[in-house]
Amino acid sequence: VNENMSAPPSSTYFSVKCSPNVQYRITPPPAKSGPIPTPFNGNTVLLLTMDTASEVENDSKVKGPVYLAEISLDVDADRDGQVERNNPNKGSWMWGPNGHGAILLVNCDSEHTCRKSLDSEHAEVTRVSDLKDMSPMVLRTSGPAKLPEGYKLTMHISQGDAECVRVFRTRSTAATLGACVAGSFVKDYPLVVGGEDLSKEVPCLWGNSEMNFYVEGLRFPDKDFEGLISINLSMLEPSSQGFPETPIFTDKVVFRVAPWIMTPNTLDPVEVFVCRTTDNEQFLKRMRRLVENSGCKLKICPEDMNRGDRWMQDEIEFGYIDSPHQRFPVVLDSPRDGDLQGFPYDVLLGQDFGYVTRTAYGKEVSSLDSFGNLEVSPPVTVNGKNYPLGRIIIGVAFPTATKGRNMTKVVQDFLWAQKVQEPIALFSDWLLVGHVDEFMTFVPAPDKKGFRLLLASPDASYKLFRGLQNDGHGQAKMFDGLGAEEITVDKILSDEKLKAENNYVQSCIDWNRDVLKRELGLDDDDIIDLPILFHVIENRAVAYYPDMVNMIVLGKNLGIPKPFGPKVDGRCALEAEMTSLMGGLGLSCTYIDDFASYHKLLGEVHCGSNVRREPFSFKWWNLEM
């Protein structure tokens, strides 16, 4: 018998082990260089021969066992959605468009509509649809009809990986998705490794055969888990003379768990979520019209679910996970746990809609743990480094503060561990509520970088008001028609305490402006200053009138808090300025009255809504890291 087989790419040495009845010869023979032969070159051939062919193991033609087989544990290492045969790069993982390595999803959705729970919490396959959320893996073998006596194949993982992954297999090659019936899922797809099962013998079907496996991710990357998982398949030689079984061959594949990815305002909206309360019917009417004009769906959380908690933005953040074979949205549940705490799990979690949360055990949760304090930029390039998925933005205490509020560490650790949207920390503790969405947002733009950063600016507000005063409109009144105290432009400009407070606010925003310019690679032309005033309560700032930067962005349509600014010729001067600034970008402004139902409760339109958006077309594994 002559058998031609290729050595793995980049091999320079390998050993040969065979029975006495098999001969081997290397051509051309390696040259000797001291005690170590020279490495093989591309023309080196290893020839295995035996005088008489055997059709079965241990027949009478050859004395002693002779065994020659091909064993390959295969995954989608080239990330094209297909499990290719024996990819030479399957045992490692590399980022980039020319990278390699298989991808694994955390099975964090729920195939059950009743008695909901995460699929990853069950060490069994209960529905055929669950297999789509797992990564395929194939054992391919060719050789004689059975292994030699005492030899076996074993799949094994490390103890560290055991809490991060499970592997299921089909009971036989005949088991297919279409052949399953409801009562037989568990027995048709037995667990191989995961949890307490670190290794298990794999039944081997020889000849030219394949066995399908399904790999399930259990944990997202985090501070203590980089996201890489190795699965090994070894052939074991039987024990002899009191020695344990010995591995004579091992094949390895490596997966990386897909990160949770946030979506910026520049991506198309799919669904808008708001709460119904006893006092926001007019708000809902305006939101409904805006959402319909934007071509997406409005989902209203009823009062019996939200129990008066209207802050949809603070409770959740929408994102998604992606792989070559499957992609679905995943909601991150904040640790604030207000009266909306049941909404993400009870309502959003479902088939192909995942759920993840981080709990600050033993730690006091502050307002900065609400997700109005969690945003993401559009894609940027900074000093030659590309961030095609943007960068996460959070608010924290000033770096030198010793008693300031911060986003809880478990959430920050989770965000940093996802790797693909490297976070930026801004100073937001100067605000009473403390959220970054109170002084910044992003909107799409047709030129430059494809977006603009909008920043609240007391300086821009004072400039506008001084212009009104100089034009003879000093007696124009704020808050017209609200039944509140009507304050004139002259009174605002003469209020020295208010001016001092806004000087402080402007300095805080300017500090953040410099950070954003540096970390996002922005120029002054990429930033638009919006005329917004603040005042100070309990040594921290809140918006003086409805905070226009706290808007909802739905494509080219903006839902902006109605500011109730001074009227000139029957038109609000603040609305006129905002409409002019946004109109230059081709954006349409809808002003929503949230004064009583949100602003007086220290929130605005963005705080009271949330948007699920289309995912990026860019694939995260193509990042150059």
Side-chain angles (χ1 to χ4, degrees), residues 269-294 296-318 331-349 355 357 365-375 431-438 441 479 481-484 537 542-554 557-564 590-612:
V270 177
E271 295 177 309
V272 176
F273 294 82
V274 294
C275 291
R276 183 183 300 279
T277 62
T278 57
D279 60 353
N280 75 342
E281 193 58 39
Q282 292 304 311
F283 172 87
L284 291 181
K285 285 182 179 179
R286 295 289 284 174
M287 285 291 291
R288 184 178 288 109
R289 191 174 306 128
L290 173 68
V291 171
E292 289 174 354
N293 291 340
S294 303
C296 47
K297 298 178 181 178
L298 180 66
K299 298 291 184 71
I300 299 177
C301 177
E303 291 180 72
D304 59 353
M305 168 61 72
N306 65 59
R307 295 175 290 179
D309 185 354
R310 67 196 70 207
W311 308 115
M312 184 64 78
Q313 184 65 223
D314 290 340
E315 184 61 38
I316 58 176
E317 187 67 48
F318 287 111
V331 61
L332 176 63
D333 188 2
S334 81
R336 76 182 277 267
D337 287 342
D339 287 332
L340 263 174
Q341 63 178 322
F343 176 76
Y345 194 94
D346 297 337
V347 176
L348 297 178
L349 173 64
Y355 171 93
T357 190
V365 173
S366 76
S367 175
L368 272 66
D369 292 308
S370 297
F371 286 165
N373 197 34
L374 173 62
E375 298 297 322
L431 289 152
L432 183 62
V433 176
H435 296 174
V436 293
D437 70 350
E438 296 177 77
T441 193
F479 310 124
L482 290 176
I537 301 175
V542 300
Y544 185 75
Y545 46 79
D547 186 354
M548 294 185 291
V549 79
N550 193 269
M551 65 178 69
I552 183 172
V553 180
L554 303 178
N557 298 316
L558 309 179
I560 302 170
K562 185 175 179 64
F564 293 96
T590 296
Y591 296 95
I592 299 173
D593 180 359
D594 71 349
F595 193 88
S597 53
Y598 292 87
H599 172 72
K600 292 180 72 173
L601 301 174
L602 304 183
E604 309 286 0
V605 172
H606 187 258
C607 304
S609 60
N610 215 311
V611 184
R612 182 171 75 86

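Remark: the backbone N or O of P563 is not paired with any side-chain donor or acceptor of H599 at under 3.5 angstrom. Here the side chain of N610 pairs no donor or acceptor atom with the backbone of R612 at under 3.5 angstrom. A donor-acceptor distance shorter than 3.5 angstrom exists from the side chain of D309 to the backbone of L340, with no hydrogens or angles considered. When atom types are taken as modelled, the side chain of D437 and the backbone of E375 share no donor-acceptor pair closer than 3.5 angstrom. Side-chain atoms of D369 come within 3.5 Å of backbone N or O of S366 as a donor-acceptor pair. Within the 3.5 Å criterion, the main-chain N or O of T590 finds no donor-acceptor partner in the side chain of N557. Side-chain atoms of E315 never come within 3.5 Å of backbone atoms of W311 as a donor-acceptor pair (strictly under, hydrogens ignored). Using a distance-only test at 3.5 Å, with no hydrogens or angles considered, a donor-acceptor pair links the side chain of D314 to the main chain of G372. Counting only distance, with no hydrogens or angles, the side chain of E604 and the backbone of D547 share a donor-acceptor pair below 3.5 Å. Checked by atom type and distance alone, the side chain of D593 never pairs as donor or acceptor with a backbone atom of K562 at under 3.5 Å.
Closest approach of P546 and F595 over heavy atoms only: CG-CD1, 3.7 Å. Considering all non-hydrogen atoms of both residues, F479 and Y544 come closest at CZ-O, 3.7 Å. L348 and F318 make their closest contact through CD1-CE2, 3.8 Å (heavy atoms, listed as atom of the first residue, atom of the second, distance). In terms of heavy atoms, L349 sits closest to Y355 at CD1-CB, 3.9 Å. The minimum heavy-atom distance linking L284 with C275 is given by the pair CD2-O, 3.8 Å. Here the closest heavy-atom approach between residue F283 and residue S597 is recorded as CB-OG, 4.3 Å.
Rounding to the nearest 0.5 Å places CZ of R276 at 11.0 Å from CG of D304. The CZ atom of F371 lies 4.0 Å from the CG atom of L332; values are rounded to the nearest 0.5 Å. Atoms CD and CG, on E317 and L374 in that order, are 4.5 Å from each other to the nearest 0.5 Å. Atom NZ of K285 sits about 6.0 Å away from atom CD of E281, to the nearest 0.5 Å. Distance CG/L558 to CE/M548: 12.0 Å, rounded to 0.5 Å. Distance check: L290 CG to L554 CG gives 5.0 Å after rounding to the nearest 0.5 Å.
Using a 4.0 Å cut-off between charged side-chain N and carboxylate O, D594 and R310 make no salt bridge.
For the residue pair D333 and Y345, no side-chain donor N or O sits within less than 3.5 Å of a side-chain acceptor on the partner.
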Any chance you could lay out the side chain to side chain contact (heavy atoms under 4.5 Å, CB included) test for V605 and M287, step after step, and finish with the verdict?
-> CA-CA 9 Å; V605 172; M287 285 291 291; 4.3 Å; yes

Is there a side chain to side chain contact (heavy atoms under 4.5 Å, CB included) between H606 and T441 once you walk through the steps?
-> CA-CA 10 Å; H606 187 258; T441 193; 5.7 Å; no

Step by step, would you call C296 with V291 a side chain to side chain contact (heavy atoms under 4.5 Å, CB included)?
-> CA-CA 6 Å; C296 47; V291 171; 3.8 Å; yes

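The only option from N550, T277, N280 that meets the side chain to side chain donor-acceptor pair (under 3.5 Å) definition with Y598 turns out to be N280.
When side chains are defined from C-beta on, C301 does not count as touching F273, because their heavy atoms never get closer than 4.5 Å. No side-chain heavy atom of V365 sits under 4.5 Å from any side-chain heavy atom of D337.
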